Amino acid sequence: MPSPFDRLCVAREQLQAYLDTAIALAKEVGPVFKDGFWRTGQFAAGNDFAAIDKMGNEADCVTAVDCHIEKVIFSRLREIYPEHKFVGEETTAEIGNEYKVTDDPTWVVDPVDGTNNFVHHFPYTGISIGLTVNKEPVVGVLYLPILDELYTAAKGLGAQLNGQSLPLLNSPALTTPTALSQCAMLSEHGSLRSESYIKSRFDTFQRLLLEKEKGGASVRNLRITGSAASDLALVAKGAAEIYWEAGPHAWDYAAGVVLVLESGGAVFDGAGWWGSSIPEDERSLQPLNIWKRKILAIRHMPDLPGKPGSGHEIQKQLAADVLNLVEDASYEPDGSH
Ligand code: IPD
């Protein structure tokens with residue numbers, strides 16, 4: 001029987017070594033992150049820790065800590081894996097979107113996901129390190145230093161939070177909701193502020209929240225953490241059922257999708273499905289596309305008693321219900337293909 005590693009041509013030991021490297025790097029930069037978190041301020045203009053807006057948009061900002069952490073992570077990775085490729089939020093902000101997405105092992109890094117949270121001392125912010133091989137996300141590490149949470153996963157090796165397997169709960173405590181009105185949802189409003197964008201996003205939120213009689217889904221709750229990577233970690237943990245967003249970048253979710261998949265969850269990228277719960281003939285044959293900037297993730301759903309396969313059927317139904325209600329805008333893909 002073929003193992004999940006065959007298609008990737010990556011030995012299990014190699015994947016474990018990549019994961020260990022990512023964990024070591026996240027831990028190495030953790031103290032700088034923590035120090036910066038308490039010293040950086042949105043309004044600390046003029047000092048070394050000030051938040052600088054990108055392209056005149058104060059909602060989309062960068063700090064010296066973002067740039068420093070990305071440099072450290074990439075210089076260490078280049079020493080260890082000189083033949084690999086590297087895509088990072090801050091490098092891309094400097095050089096633009098012209099890089100080519102290839103099959104080579106590619107480290108996709110957000111040195112501070114949730115920069116807005118970082119400069120407002122809101123704890124959902126962390127270092128996100130993902131790795132793709134043959135374009136497929138295979139390693140994901142998210143370290144949230146302020147919450148002291150280290151999420152780790154690699155393809156076929158499971159997902160963990162501080163060493164404990166994800167999801168943290170198993171059935172019967174982890175139940176299977178059968179309608180969106182029983183689901184906790186996560187989404188983001190992103191950093192764009194144009195009228196058309198804000199209207200479209202809030203129309204989506206309205207449809208998700210509105211009572212069923214008026215055509216809405218009446219979701220049990222809708223939360224915005226300000227960090228796409230944290231949203232995916234919360235789905236992997238089992239703290240929310242669903243995360244949907246359109247518009248985030250590859251570095252925001254490259255690591256998080258591996259956490260969700262390895263915790264038994266399912267991911268839809270706008271074109272296909274991935275996840276161990278999904279029957280083989282329904283699984284996408286393409287690598288999960290993290291460059292198209294569309295993401296829907298659903299947590300592990302235990303099968304209903306006496307109904308094998310029902311967990312996935314419910315994942316699919318909930319996903320279809322969400323996709324029916326959310327905006328379907330296109331975003332410029334990350335990188336060239
Ligand atoms: C942002 C966060 C946010 C998402 C934005 C991202 P950053 O990342 O992940 O949740 O909605 O689209 O840009 O810029 O803080 O690293």
Side-chain angles (χ1 to χ4, degrees), residues 26 29 33 36-37 40-42 51-70 73 87-94 97 107-130 140-147 151 185-194 197-198 200-202 204-205 222-236 240 242-257 259-260 269-270 290-297 326-327 329-334:
V29 295
F33 185 105
F37 181 88
T40 303
Q42 178 83 313
I52 301 176
D53 61 78
K54 293 186 191 169
M55 317 282 284
N57 175 357
E58 284 179 280
D60 191 9
C61 54
V62 59
T63 73
V65 180
D66 300 54
C67 300
H68 172 77
I69 290 180
E70 187 163 311
I73 292 178
V87 174
E89 174 166 25
E90 306 319 332
T91 319
T92 307
E94 275 168 30
N97 194 29
W107 294 88
V108 187
V109 171
D110 191 342
V112 178
D113 183 60
T115 308
N116 231 302
N117 289 345
F118 185 83
V119 301
H120 284 279
H121 315 295
F122 189 79
Y124 280 101
T125 175
I127 303 137
S128 174
I129 305 178
V141 169
L142 173 68
Y143 182 30
L144 304 177
I146 309 305
L147 298 174
Y151 293 86
M185 242 191 106
L186 293 158
S187 190
E188 295 293 324
H189 55 58
S191 54
L192 299 176
R193 292 292 177 268
S194 72
Y197 170 79
I198 293 296
S200 151
R201 191 54 52 100
F202 277 83
T204 287
F205 291 170
L222 177 61
R223 304 281 185 253
I224 295 172
T225 69
S227 156
S230 301
D231 294 337
L232 286 157
L234 286 163
V235 169
I242 301 166
Y243 160 64
W244 168 84
E245 192 177 356
H249 291 281
W251 46 82
D252 296 319
Y253 63 101
V257 290
L259 298 172
V260 171
D269 70 351
I290 57 164
W291 312 95
K292 262 193 342 208
R293 306 179 59 194
K294 283 191 178 176
I295 165 92
L296 173 66
V326 297
E327 70 182 50
S330 294
Y331 291 81
E332 187 194 351
D334 286 326

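Note that this is a predicted model, so its numbers are computed, not measured. Note that these values count all heavy atoms, side chains included, but never hydrogens, waters or copies made by symmetry. For ligands, and for the atoms within them, numbers begin at 1 and follow the listed sequence.
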Ligand 1 and Thr115, any nitrogen or oxygen pair closer than 3.5 angstrom? yes
Check: of His189, Glu245, Arg293, min heavy-atom distance to atom 5 (C) of ligand 1 comes from Glu245
Side chain or backbone of Ala228 under 4.0 Å from ligand 1, or both, or neither, by non-hydrogen atoms? both
Ligand 1 to Ala229 polar contact by distance, N or O atoms, under 3.5 Å: no
Are any side-chain N or O atoms of Asp269 and backbone N or O atoms of Lys292, one a donor and one an acceptor, separated by less than 3.5 Å? no
Part of His249 with heavy atoms under 4.0 Å of ligand 1, whether side chain, backbone, both or neither: neither
Using heavy atoms and a 4.0 Å limit, tell me yes or no: is Ser191 in contact with ligand 1? no
Give the numbers and elements of all ligand 1 atoms closer than 4.0 Å to a heavy atom of Asp110. 16 (O)
Within reach of ligand 1, part of Asp113 (heavy-atom separation under 4.0 Å): both
Can a donor-acceptor pair be found between the side chains of Ser128 and Asp252 at a distance below 3.5 Å? no
Taking 4.0 Å as the limit for heavy-atom contacts, which would you say applies to Asp252 with ligand 1: side chain only, backbone only, both, or neither? side chain
Determine whether any heavy atom of Val112 lies closer than 4.0 Å to an atom of ligand 1. yes
Go through ligand 1 atom by atom and flag the ones less than 4.0 Å from a non-hydrogen atom of Gly190. 11 (O)
Show the atoms of ligand 1 that are less than 4.0 angstrom away from any heavy atom in Gly114. 7 (P), 8 (O), 15 (O), 16 (O)
